[in-house]
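All ligand and atom numbering here is 1-based and tracks the order in the structure.
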Amino acid sequence: MTITNKILSLIGFPEPVDLLRFDGENLLPESMLVVAIASKTSDIIDKSIKSLAINVIRDHSLVNEKSISALVFDASHYQSEQSFNDVYLHLSGLLTKLKINSRIVIIATSINNSQTHQEKAFSRSLLGFTKSLAKEVGRKGTTVNILYIDNDINTELDGPLSFLLSSKSTFISGQSLHIATKIKDCKVKKSKKVALVTGAAQGIGAAIAKTLARDGVKVIGLDIEPVQEMLIAAMKNIDGEAISLDISSDEAGEKLVHYLREHQLDGFDLIIHNAGITRDKTFAKMPEHWWSNTLEINLLAVMRINEYLLEHNAINDNGRIVCMSSMNGIAGQVGQTNYATSKAGLIGYVDSLAEEVSNKNITINAIAPGFIETKMTNQIPFITREMGRRMNALSQGGKTQDVAEAVAFFTQDSSYAITGQTLRVCGLNFIGA
Ligand code: NAD
């Protein structure tokens, strides 16, 4: 144990475990216990579970200590007050049977689909349960998340369930996703999708570009002129294309449409608005241009570009838009009024635009990363940095790959049932909702 880790463990931050990340192998857990207290949608959930290559066990008594690496708890039907007791009775004894780096996924009926006061209370109570359990088991690298489903789902659960059980969701814990049936699965799957990734020269953007390329996507990386060489090098590695452009320039949308025409592309299938800046200072001392530049680049440029591309039919049907928000847009941060305003604005924006683009089966979602190990976070003073990276249920910072995997998840065909939502990739940071 390093001296830093010794000091941190003395003040209550345990030594973190090595998180299991997807490296071409170890995608899904080997064995999984499925527990259902009373399910309205058991056939659908069963079908979804069967589609995964996991050894499924349904009888608790067959499970030994530390022998399973995933648990799906189907609580999608509230029957009576007994349902609360069932949560305790079915789950409390199972935690010792989980290996390190396990996945727990709870399935519940969404509040919108719950009818009575009791059902709604039960549905919401499971979120409190999820977050608390996630904080309890996080030091073992285990994650707990909840999927809220609508009553009329069919295959919509497959993609999200598989992702939350996989090693690709290693830094996502204590989070909820709502699975609705508003958007239809596309019938014809495109073999080579075209993605625009902004801020792709370095950091999270470069990781997103690499991950999408791994998944068979043609990536067009965009960044500002001063980092052109870095951008070209990053794109060369993944057989992508580079565009040097400032997203906040008035003609950004027009230049992107021009690029599509010039390269005989019908439109973008995926748009990842990742570019962003910080200009930190307390609000009282903040220069006016720091306020306006941050809002301009992080929020207003994103909205203007989307508007222009949609107006010019430059986002294909069944497209996916992902915006990069931030945990600080949810929790707030001293010295970041400008940044938090812009990142919170993105959350409101995806929520609002989702309805409008749903008629083309386009989804739009946001990701809110917590402490991610990048050049930016490396510059934070040592003690603050160490506290920042440890203040979450998993007791460590995330990697750019963790954010990239979440982006890749949102962009998949099988994520069509998720739109207008914000997913935190933060290891369940102790600050923020
Ligand atoms: P980074 O600074 O390493 O990369 C951001 C990229 O955006 C840079 O390459 C930069 O040149 C580009 N960019 C900035 N302004 C631009 C403009 N006007 N036009 C085009 N490109 C522009 O940052 P990062 O840590 O990789 O962060 C990526 C995104 O994730 C940002 O939106 C950031 O706010 C968000 N985020 C990061 C963290 C973290 O811990 N690193 C946490 C939460 C959110």
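- Of the protein's non-hydrogen atoms, Pro369 O, 3.4 Å is the one closest to atom 43 (C) of ligand 1.
- Counting only distance, with no hydrogens or angles, the side chain of Asn365 and the backbone of Gly420 share a donor-acceptor pair below 3.5 Å.
- Remark: distances from the non-hydrogen atoms of Lys375 to ligand 1 are all 4.0 Å or more.
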Go through the steps for Asp402 and Arg21 under the test salt bridge (charged side-chain N to carboxylate O under 4.0 Å, His left out), then give the verdict.
CA-CA 8 Å; Asp402 302 335; Arg21 290 188 166 85; 2.8 Å; yes
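- The nearest heavy-atom contact from the protein to atom 23 (O) of ligand 1 is Met376 SD, 4.6 Å.
- Within ligand 1, counting atoms from 1 as listed, the ones closer than 4.0 Å to a heavy atom of Gly199 are 6 (C), 7 (O), 12 (C).
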Run the numbers on Glu296 and Ser248 for side-chain hydrogen bond (donor to acceptor under 3.5 Å, both in side chains), then give the verdict.
CA-CA 6 Å; Glu296 199 38 58; Ser248 64; 5.2 Å; no
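- The proximity of Thr377 to ligand 1, defined as any non-hydrogen pair under 4.0 Å, is limited to the side chain.
- At the top of the distance list for atom 42 (C) of ligand 1, counting protein heavy atoms only, stands Gly370 O, 3.3 Å.
- Shortest contact from atom 41 (N) of ligand 1 to any protein heavy atom: Thr374 OG1, 3.2 Å.
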I'd like to know whether Leu222 forms a side-chain contact (heavy atoms from CB on, under 4.5 Å) with Leu256, so could you lay out the CA-CA distance, the side-chain angles of the two residues, the decisive distance to 0.1 Å, and finally the verdict.
CA-CA 10 Å; Leu222 176 156; Leu256 287 171; 4.0 Å; yes
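- For atom 18 (N) of ligand 1, a protein heavy-atom neighbour is present inside the 4.0 Å cut-off.
- Considering each of Ile204, Ile224, Asn274, Val403, the one bringing a non-hydrogen atom nearest atom 29 (C) of ligand 1 is Asn274.
- For atom 2 (O) of ligand 1, no protein heavy-atom neighbour is found at a distance under 4.0 Å.
- For Arg385, the CZ atom sits in a packed shell: over 12 heavy atoms of surrounding residues, nucleotides or ligands are nearer than 6.0 Å.
- Across the listed options Leu245, Asp223, Thr198, Asp223 owns the non-hydrogen atom lying nearest to atom 11 (O) of ligand 1.
- Of the heavy atoms in Ile247, both backbone and side-chain atoms come closer than 4.0 Å to ligand 1.
- Put simply, the residue from Asn361, Thr155, Ile362 that forms a side chain to side chain contact (heavy atoms under 4.5 Å, CB included) with Tyr416 is Thr155.
- Counting only heavy atoms of the protein, atom 5 (C) of ligand 1 lies nearest to Gly276 O, 3.9 Å.
- For atom 8 (C) of ligand 1, the closest non-hydrogen atom on the protein side is Gln202 NE2, 3.3 Å.
- Under 4.0 Å from ligand 1, the heavy atoms of Ser325 that appear belong solely to its backbone.
- Within the 4.5 Å cutoff, the side chain of Asn298 has heavy atoms near those of the Lys343 side chain.
- In this structure, the side chains of Tyr78 and Ser114 stay at 4.5 Å or more apart for every pair of heavy atoms.
- The closest heavy-atom contact to atom 40 (O) of ligand 1, among the options Asn298, Asn293, Ile372, comes from Ile372.
- Regarding atom 22 (C) of ligand 1, its nearest protein heavy-atom neighbour is Ala275 CB, 3.6 Å.
- Applying the side chain to side chain contact (heavy atoms under 4.5 Å, CB included) test between Ile272 and each of Val219, Thr198, Leu212, Leu196 identifies Leu212 as the sole match.
- Closest to atom 35 (C) of ligand 1 by heavy atom, among Met324, Met230, His273, is Met324.
- When the side-chain contact (heavy atoms from CB on, under 4.5 Å) test is applied to Lys210, the partners found at least two apart in sequence or on another chain are Ile238.
- Close contacts of ligand 1 with Asp246, meaning ligand atoms under 4.0 Å from a residue heavy atom, involve 17 (C), 18 (N), 19 (N).
- At the top of the distance list for atom 34 (O) of ligand 1, counting protein heavy atoms only, stands Tyr339 OH, 2.6 Å.
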